[in-house]
Amino acid sequence: MTTFDERQKAFESKYAHDAEMQWKAEARRNRLLGEWAAREMGITEPSEIEAYAKAVVKADFEEAGHEDVVRKVMGDFEARAVGIEADAVRTKMAELLVEAKSQLMGELG
């Protein structure tokens, strides 16, 4: 194998690893968002919080990007008359993405 081939393989491996880590961070962010949103809606039962968080993670598979998650949470907020705006949800998502990445890095050592 030539040096170029080795570098290309290393680049491809790094790209795959980075994409996987981004996906994991976004999934973790969505779970954290679901937990936060559940508490904002007054859900206190741990099993219900967990179930709602899983539903938020699942909502992210509807389309590319994160607007499907925002729509899910906002729809639930509106149904329960929670006075939180979509921009606040997006801001919370950005904060939680940082937290999710930090958690993942801590788990990796």
Side-chain angles (χ1 to χ4, degrees):
M1 190 176 268
T2 67
T3 302
F4 178 78
D5 291 335
E6 291 170 357
R7 288 182 65 195
Q8 182 178 5
K9 185 171 178 73
F11 178 77
E12 289 170 355
S13 293
K14 181 181 180 334
Y15 179 82
H17 176 265
D18 291 349
E20 179 183 4
M21 291 304 293
Q22 183 66 26
W23 182 84
K24 286 181 178 182
E26 289 174 359
R28 171 112 17 136
R29 174 210 55 205
N30 293 340
R31 182 180 56 81
L32 293 170
L33 181 72
E35 292 171 355
W36 169 79
R39 289 189 301 272
E40 291 295 320
M41 290 185 287
I43 299 171
T44 58
E45 180 65 37
S47 62
E48 291 179 26
I49 292 171
E50 183 178 340
Y52 184 76
K54 286 179 181 179
V56 172
V57 170
K58 188 176 179 182
D60 196 25
F61 297 115
E62 292 177 16
E63 63 185 43
H66 62 268
E67 283 303 306
D68 45 357
V69 174
V70 173
R71 273 195 307 278
K72 160 79 174 135
V73 171
M74 288 306 301
D76 295 338
F77 279 177
E78 290 169 8
R80 292 185 180 234
V82 176
I84 296 177
E85 299 291 326
D87 286 341
V89 172
R90 289 183 191 95
T91 299
K92 190 66 174 178
M93 288 176 77
E95 294 169 6
L96 292 174
L97 183 59
V98 172
E99 183 177 334
K101 286 181 179 180
S102 177
Q103 288 179 4
L104 287 171
M105 293 305 292
E107 290 171 7
L108 293 175

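Predicted, not measured: the structure shown is a model, and the values here were computed from it.
- Minimum interatomic distance between Arg39 and Ile49 (heavy atoms only, all atoms of both residues): CG-CD1, 4.4 Å.
- Residues Met93 and Val98 do not share a hydrophobic cluster, defined by chaining ILVMFWY side chains whose heavy atoms lie under 4.5 Å apart.
- Hydrophobic cluster membership differs between Val56 and Leu97, with clusters built from Ile, Leu, Val, Met, Phe, Trp and Tyr side chains linked at under 4.5 angstrom.
- Hydrophobic cluster membership differs between Val57 and Trp36, with clusters built from Ile, Leu, Val, Met, Phe, Trp and Tyr side chains linked at under 4.5 angstrom.
- The shortest side-chain heavy-atom distance between Glu45 and Tyr52 does not fall under the 4.5 Å cut-off.
- A pairwise comparison of heavy atoms in Asp60 and Gly65 identifies OD1-O, 3.0 Å as the closest pair.
- The two atoms that bring Ala86 and Val70 nearest to each other are CB-CG1, 4.2 Å, heavy atoms only.
- Distance CE/Met105 to OG/Ser102: 9.0 Å, rounded to 0.5 Å.
- Here the CD-OG1 distance, from Glu85 to Thr91, works out to 11.5 Å after rounding to the nearest 0.5 Å.
- Annotation: side-chain contact (heavy atoms from CB on, under 4.5 Å) contacts of Gln103 (sequence neighbours excluded): Arg28, Arg31, Leu32, Glu99.
- Taking all atoms of both residues into account, the shortest heavy-atom contact from Ala25 to Ala100 is O-CB, 3.4 Å.
- With contacts defined as side-chain heavy-atom distances shorter than 4.5 Å, the pair Glu62/Val69 does not qualify.
- In this structure, the side chains of Lys92 and Val73 stay at 4.5 Å or more apart for every pair of heavy atoms.
- Other residues, nucleotides and ligands contribute over 12 non-hydrogen atoms within 6.0 Å of the CD atom of Glu107.
- Look at Lys72 and Asp68 and you find no salt bridge, because none of the NZ, NE, NH1 or NH2 atoms lies under 4.0 Å from a carboxylate O.
- Contact of the Arg29 side chain with the His66 side chain is registered, since non-hydrogen atoms from C-beta on lie closer than 4.5 Å.
- Hydrophobic clustering keeps Trp23 apart from Leu104 (ILVMFWY residues linked when any side-chain heavy atoms are closer than 4.5 Å, directly or through intermediates).
- Partners of Arg90 under the side-chain hydrogen bond (donor to acceptor under 3.5 Å, both in side chains) rule, at least two apart in sequence or in another chain, are Glu67, Asp87.
- The environment of CE in Met21 is crowded: more than 12 heavy-atom neighbours from other residues, nucleotides or ligands sit within 6.0 Å.
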